[in-house]
Protein chains: 2
Amino acid sequence: MNSLTEENYLKAIYHLSKEGNALVTTNNIADSVSTKASSVTDMLKKLADKNLIHYVKYQGVSLTGEGLQAALGIIRKHRLWEVFLVEKLNFKWDEVHDIAEELEHIRSEELVDRLQEFLGNPKSDPHGDLIPDKHGKFHKKELIRLSKMKVGDSGSISGVNEHSAGFLRYLEKTGLVLGKKVVIYEIIEFDSSVTLLVDNQEITVSRDVAKNILVYEQ
Amino acid sequence: MNSLTEENYLKAIYHLSKEGNALVTTNNIADSVSTKASSVTDMLKKLADKNLIHYVKYQGVSLTGEGLQAALGIIRKHRLWEVFLVEKLNFKWDEVHDIAEELEHIRSEELVDRLQEFLGNPKSDPHGDLIPDKHGKFHKKELIRLSKMKVGDSGSISGVNEHSAGFLRYLEKTGLVLGKKVVIYEIIEFDSSVTLLVDNQEITVSRDVAKNILVYEQ
DNA sequence: AATAATTTTTAGATAAATCTAAATTTATAC
DNA sequence: GTATAAATTTAGATTTATCTAAAAATTATT
Ligand SMILES: [Mn+2]
Ligand SMILES: [Mn+2]
Ligand SMILES: [Mn+2]
Ligand SMILES: [Mn+2]
């Protein structure tokens, strides 16, 4: 059983290793949990003793399998509670984070499972972040090729099928980057090229390009 | 801002002063919060310094107005969360107490107010205990004279209109004490006397007696 | 490669809440 | 009313998480 403080450290290490590199540094963690580097060092020893992190003095830390599962458990609770606050208690999406920071530490497994069910097994929280399931697995987004979508469909660009530098440079130049919201505006019969609405601008791409862009619908 | 531990002490003092006498003793509290008398003494000094309790060495403690409001705030949260767990998450009434012990310490005022609204402003928790409102007031039970009830109605004896020793002795003797569950079995036309079912026994009382017994219906 | 700057760790203290054991106060028994 | 028992408080330690200041290790600069 990890203390509330240990849980917050694990969560911080998880988030930091998502953005930056695999190894997280002492000062990064100190900033993240609003404490001093010396306090972090103390806690890192403790977490390493409990086999929750790999810790090499002066080098940095990463989560062990066990530590990762613990972190994902807290993140799951955080995001489910955020859904509850927005969907059931009518909070705005920007008002819920701090309350969820407290609720995420409530221990009962049964409570989380039932909450998830009560909320209709949501896959993402009010900020669009994915909610891991009971076993720490993220529900893989169902990605669809842009070329398979119909006029009026919409979604956000979430992947590509073609990784050549040329193709990626092309996407970059036309603004079709990851996360960008798109609406299918028109499909030209003659060559099956697709006109999209992106940031209120019309952009037309060939069928070859459309086949290699993966979209998360709605 | 009171710590989680301080909140638990305040709640314990509140509950103990409800059952026993006004002054609560060190050992009572120690039992109640599962700690040692010496720890309790330390905490009592601290709570007295914060003006949450009246504390006289060796004599016992009682809550100040401020301490009472703090205790009622926690009890309100505890009972609202219990309603949530039973009504919304389908827990059984005997499974919710321990989870509510954690949830009662979540701080946001806004959260509690919205939770109360979401639950339809319940007046009592799954165990029948009254839920104080935002200002620490209990919704007064609607008591009805036994003489005004109809055949088939039921409820629990919750007060009397006549406080003479003779009347109270009579009630004591017939077993019509506070909290007793009663069902109206028959109302005799001739003199309006009432036959009740109490503990599966028939008891008949005169109209004069029935007029002075107050029942909380259902 | 030597020096300086930065990062990290160690050493020693502090605050909250707890404990055990001893001292004090209050209650009960004779 | 004194002796004994019970309840309560004090004294001194312990654990968790934190801090500041100093030492050690790593990284960057000349
Ligand atoms: Mn959040
Ligand atoms: Mn947190
Ligand atoms: Mn309860
Ligand atoms: Mn509690």
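Owing to the predicted nature of the structure, the values given are computational and were not obtained by experimental measurement.
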Any N or O donor-acceptor pair under 3.5 Å from the base of D/dT8 to the side chain of B/S38?
no
N or O in side chain of B/K36 less than 4.0 angstrom from D/dT9 OP1/OP2:
no
Categorize B/T26 for me: base, sugar-phosphate, or nothing, with a 4.0 angstrom heavy-atom threshold over every strand shown.
sugar-phosphate
Using only side-chain N and O atoms of A/Y58, determine if any of them is under 4.0 Å from OP1 or OP2 of D/dA23.
no
Using a strict cut-off of less than 4.0 Å between a Lys/Arg side-chain nitrogen and an Asp/Glu carboxylate oxygen, indicate whether A/R76 and A/D113 qualify as a salt bridge.
yes
For C/dT18, does either OP1 or OP2 sit under 4.0 Å from a side-chain N or O belonging to B/Y9?
yes
Which residue lies more 5' along DNA chain D, comparing A/Q59 with B/K45 via nearest heavy atoms
B/K45
Check every strand shown and say whether B/T5 touches a base, only sugar-phosphate, or nothing at a heavy-atom separation below 4.0 Å.
sugar-phosphate
Taking CG from A/L47 and P from D/dT16, how many angstroms apart are they, rounded to a whole number?
13 Å
Would B/K180 and B/D199 pass as an ion pair if we require N to O under 4.0 Å?
yes
What integer distance in Å separates A/E7:CD from D/dT16:P?
16 Å
Check the phosphate of D/dA6 against B/N27, side-chain N and O only, distance under 4.0 Å to OP1 or OP2. Yes or no?
no
Do NZ/NE/NH1/NH2 and the carboxylate oxygens of A/K77 and A/E109 come within less than 4.0 Å?
no
Taking the basic N atoms (NZ, or NE/NH1/NH2) and the acidic carboxylate oxygens, is any pair closer than 4.0 Å for B/E6 and B/K50?
yes
C/dT18 P sits how many Å from B/L44 CG, rounded?
12 Å
Taking side chain to side chain donor-acceptor pair (under 3.5 Å) as the test, write out the residues that go with A/K57, two or more places apart.
none
OP1 or OP2 of C/dT25 less than 4.0 angstrom from a side-chain nitrogen or oxygen of B/K57, does that happen here?
no
Distance check needed: C/dT8 C1' versus A/Y55 OH, whole Å only.
7 Å
Name the nucleic acid region contacted by B/S39, choosing base, sugar-phosphate or nothing; use a 4.0 angstrom heavy-atom cut-off, strictly under.
base
For a quick check of understanding: with a heavy-atom distance under 4.0 Å over all strands, which category does B/T35 fall into, base, sugar-phosphate or nothing?
sugar-phosphate
